[in-house]
Novice: 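Quick one: the structure is below, questions incoming.
Numbering of residues begins at 1 and proceeds along the displayed sequence.
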Amino acid sequence: MRRYLALWAEMMRVSWRRAPAATAAMITVCALTIGASAGIALSLRAVIDGSAHGALGAAVTAACGAALCNGVSITFQQTMWDLFQRLTDETGLELRARIQRWITGIESLDHLERTDLLDRSEAARNSAWQISMSLWQMVMAARSGLQLGVTLLILGIVNPWLLILLPFAALPLWFDHRGKQAVVATETATAEVFRLQRHLFRLGTQADSGKEIRVAGASHEIARRQAAAWDEAALLRYRARVRAAVWKFGGWAVFASGFVGALALVAHQAARGRGTAGDVAMAVIVASGLRQTVQQVVGRTASTLGTRTAIESYLWLREYAAAEKTRTVKASPTPIRLAEGITFEHVSYRYPGTDRLALYDVSVHIPAGTVLAIVGEYGSGKTTLVKLLAKFSSPESGRITVDGSDLTDLDTVDWRSHVSAAFQDFGRLETSFAEGVGLGDLPRLTDRERISRAVRDADATALVERLPQGLDTELGRELGGVDLSEGQWQRVALARALMRSNPVLFVLDEPTASLDAPSEHAIFERQMDRARRLAARNGAITVIVSHRFSTVTSADLILVLDRGRLVESGTHTELAALPGGRYADLYGLQRAAYRA
């Protein structure tokens, strides 16, 4: 609870910093609505008692006070909810920005690849507005609690026996809760049937599945099954809601009996001279709102506690990001020119949460200026090796050195600023074509000449010329832009990777997997020329990961991985000549398949 209170206090400071006037207004309005509710009851009692005793002036003054309090209550109730939404948005935006900074500031990708960490990370990403709402739900709960205290104080002044109304007001909440539990249980039990009917509905109404259904003549059968599933789920849920309504009616009956008894008691006392007509009226007004006040206290407290998962995810992410930052060593700068190269020394790696090693005891030296190709079947460890080079993960054992310096000792941001990479699972950035490319080298985001050169290097000039606004064309259907094919998106990603002029590590991880063979051949010829220029300029190492062996035959060094182990290394000529070698077998199979 101390952690929660500290978080809410921190959020209150954020709210005060971002919207001081709205924050102050919210607290003021909450206080005024509490006073207004009490003022209405007390003023009406004074009106009735003043009228009964002939004190016209006092009655008129009290009536004006009641009208003023009622106006304040009505006006400020709406104002309070408007402020609630405004402040929830303000603090939610700040929290969302923090969450994004924490996630992007984590250097490794473990939290995006481990299912347990991914679940919590995803919950944290989506929790900003829930956490922000929890602060103001707590404020509203505190307001409702104070209002309940004022209500009980007024009832106690009229007659201490009226305090018995409190459990009568609470019991309907329990009855209502029982009814809602039945509804929730039924909805859970019928969730699968409900999903089935939605699935059948989509099958019959979407274009892709609709073609097959129409050709097969199965539309009526699909519609029949969808209707049957809907009827089954709807009937069970209807019955549950009927039971919930019965429980709710029982709760109201309990409250009504207690309410009638309390009013009878007050009226009896007034008739015997131990109270006034004003007391009766005030008791009616206050007692009639008691259940709603209790419900607000319970409901808003429950809403606040209901955000516990979101709050825990937020706190977990904050602590995780802080721990990752603490254990990250940032000491040595990245060399702007490679002299020796990159060396793997007995490197092993296991993905978090798994038992099997993705890489096992890999040792190899990659001289500066080398064009390195990594080949192997799916799951052999090719992409894992690339991730280690990009510092997305750290070796479980062994080490990777760059010109003799341990890669883990290099400043990660600085290292990545000297790396260019096109990954197999590339991002589809829904922005303008120019920005989608320019983001590959942020300082040159608006450099049209550099962007155009990267587009040419990616063999994407013809693609840009076909777009309605050329480089300024918005990409992505969701934002109203032009949608691209898989291969076209991959060209954008490749152009983005070609923005940096002088990387010391250039990674091409299946950069043409979505392209046809002629396009792939043309692109790899361009990239091989570029790799040679980079090697001569700054000793850069180019890493090519490809499942098509024809694209790696001209590499200086080829690594063959099999189930996480480095089984062969050498040039294409050397490896192809090895009798019974893994590379020779795979190359021969693929060459035969293409000839066929």
Side-chain angles (χ1 to χ4, degrees), residues 106-121 320 323-324 327-329 341-367 370 372-402 404-410 412 415-416 419 421-425 505 507-511 513 541-547 549 552 555 557-570 575 578 580-587 589-590:
I106 299 173
E107 296 176 353
S108 74
L109 293 181
D110 290 347
H111 64 293
L112 300 178
E113 294 181 330
R114 276 182 55 179
T115 54
D116 54 341
L117 298 186
L118 184 60
D119 290 343
R120 303 195 72 171
S121 180
Y320 182 82
E324 288 292 304
R327 72 183 183 88
T328 299
V329 179
I342 298 175
T343 303
F344 283 70
E345 299 177 1
H346 303 287
V347 171
S348 294
Y349 179 76
R350 185 195 322 270
Y351 282 101
T354 63
D355 296 329
R356 176 178 166 270
L357 284 170
L359 285 179
Y360 180 78
D361 197 29
V362 173
S363 294
V364 64
H365 175 64
I366 309 166
T370 297
L372 171 71
I374 307 174
V375 300
E377 295 182 286
Y378 290 108
S380 61
K382 302 186 300 295
T383 298
T384 303
L385 191 146
V386 168
K387 288 180 179 179
L388 293 177
L389 282 174
K391 294 193 70 173
F392 294 146
S393 301
S394 298
E396 180 177 299
S397 61
R399 67 173 189 156
I400 303 171
T401 63
V402 179
S405 298
D406 196 319
L407 181 58
T408 59
D409 293 338
L410 298 184
T412 301
W415 169 250
R416 289 179 183 162
V419 175
F423 296 105
Q424 181 179 5
D425 49 348
L505 177 65
V507 177
L508 296 170
D509 181 9
E510 299 280 10
I541 292 174
T542 298
V543 178
I544 300 173
V545 179
S546 179
H547 66 284
F549 282 51
V552 304
L557 177 64
I558 300 174
L559 303 184
V560 184
L561 297 178
D562 182 38
R563 300 179 185 178
R565 297 175 183 270
L566 176 60
V567 294
E568 295 172 2
S569 64
L575 295 176
L578 288 176
R582 185 67 178 162
Y583 178 86
D585 288 344
L586 292 173
Y587 180 73
L589 287 171
Q590 193 169 102

Novice: If we only count heavy atoms from C-beta on, is the Val375 to Tyr583 side-chain gap below 4.5 Å?
Specialist: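 Heavy-atom side-chain distance check passes, below 4.5 Å.
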Novice: Passes side-chain hydrogen bond (donor to acceptor under 3.5 Å, both in side chains), Thr412 versus Lys391? Steps please.
Specialist: CA-CA 7 Å; Thr412 301; Lys391 294 193 70 173; 3.0 Å; yes
Novice: As a quick check of understanding, evaluate salt bridge (charged side-chain N to carboxylate O under 4.0 Å, His left out) for Glu396 and Arg350, giving each step before the final call.
Specialist: CA-CA 7 Å; Glu396 180 177 299; Arg350 185 195 322 270; 3.2 Å; yes
Novice: So, are Lys382 and Glu377 salt-bridged, with charged N and O less than 4.0 Å apart?
Specialist: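 No salt bridge links Lys382 with Glu377.
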Novice: When rounded to the nearest 0.5 angstrom, what distance separates CG in Leu505 from CD1 in Ile366?
Specialist: 8.5 Å
Novice: Quick one: pull up CG in Leu566 and CD1 in Ile374 and give me the separation to the nearest 0.5 Å.
Specialist: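 Going from CG on Leu566 over to CD1 on Ile374, the span is 9.5 Å.
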Novice: Rounded to the nearest 0.5 Å, what separates atom NE2 in His346 from atom OG in Ser363?
Specialist: 4.0 Å
Novice: My understanding is that only residues two or more places apart in sequence, or in another chain, count here; which of them pass side chain to side chain contact (heavy atoms under 4.5 Å, CB included) with Val347?
Specialist: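 Val347 satisfies side chain to side chain contact (heavy atoms under 4.5 Å, CB included) with Phe344, Leu388, Pro395, Ile400 only.
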Novice: Might you point out which heavy atoms bring Ser405 and Leu410 nearest each other, and give the distance in Å?
Specialist: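 It is CB-CD2, 4.2 Å.
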Novice: Keeping Thr370 on the side-chain end and Ile541 on the backbone end, is there a donor-acceptor pair under 3.5 Å?
Specialist: no
Novice: For Ala373, give me all partners under side chain to side chain contact (heavy atoms under 4.5 Å, CB included), at least two apart in sequence or on another chain.
Specialist: Val552, Ala555, Ile558
Novice: How long is the span from the CG atom in Leu385 to the OG atom in Ser393, to the nearest 0.5 Å?
Specialist: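 Spacing of CG (Leu385) from OG (Ser393) equals 11.5 Å.
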Novice: Would you please name every residue forming a salt bridge (Lys or Arg N to Asp or Glu O under 4.0 Å) with Arg565, sequence neighbours left out?
Specialist: none
Novice: Measuring from Arg582:CZ to Leu561:CG, what's the distance to the nearest 0.5 Å?
Specialist: 11.0 Å
Novice: Heavy atoms, side chains only, cut-off 4.5 Å: are Thr401 and Leu407 in contact?
Specialist: no
Novice: I'd like to know whether Val364 forms a side-chain contact (heavy atoms from CB on, under 4.5 Å) with Thr343, so could you lay out the CA-CA distance, the side-chain angles of the two residues, the decisive distance to 0.1 Å, and finally the verdict.
Specialist: CA-CA 6 Å; Val364 64; Thr343 303; over 6 Å; no
Novice: Taking all non-hydrogen atoms of both residues into account, name the closest pair between Thr408 and Ser394 and its distance.
Specialist: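 Minimum heavy-atom separation between Thr408 and Ser394: CG2-OG, 4.4 Å.
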Novice: Could you please spell out the steps behind the side-chain contact (heavy atoms from CB on, under 4.5 Å) verdict for Val386 and Phe423?
Specialist: CA-CA 9 Å; Val386 168; Phe423 296 105; 3.9 Å; yes
Novice: Can you name the residues that form a side chain to side chain contact (heavy atoms under 4.5 Å, CB included) with Ser348, not counting sequence neighbours?
Specialist: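 With neighbours one apart ignored, the set is Leu357, Tyr360, Asp361, Ser397.
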Novice: Side chains of Asp509 and Thr383: closer than 4.5 Å at any heavy-atom pair?
Specialist: yes
Novice: Test of understanding: with side chain to side chain donor-acceptor pair (under 3.5 Å), list the residues that count as partners of Thr384, not counting sequence neighbours.
Specialist: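 Checked Thr384 against side chain to side chain donor-acceptor pair (under 3.5 Å); matches are Tyr351.
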Novice: If the condition is side chain to side chain contact (heavy atoms under 4.5 Å, CB included), which residues does Ser569 pass it with, not counting sequence neighbours?
Specialist: Leu557, Leu559
Novice: Are more than 12 heavy atoms from other residues, nucleotides or ligands located less than 6.0 Å from atom CZ of Arg563?
Specialist: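 Incorrect, the count does not exceed 12.
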Novice: Give a yes or no answer on whether the side chain of Glu568 reaches the backbone of Leu575 with a donor-acceptor pair at less than 3.5 Å.
Specialist: no
Novice: Does the distance from a Lys or Arg side-chain N to an Asp or Glu carboxylate O, for Arg399 and Glu345, drop under 4.0 Å?
Specialist: yes
Novice: Kindly say whether Leu389 contributes a backbone atom to a donor-acceptor pair with the side chain of Trp415 at under 3.5 angstrom?
Specialist: yes
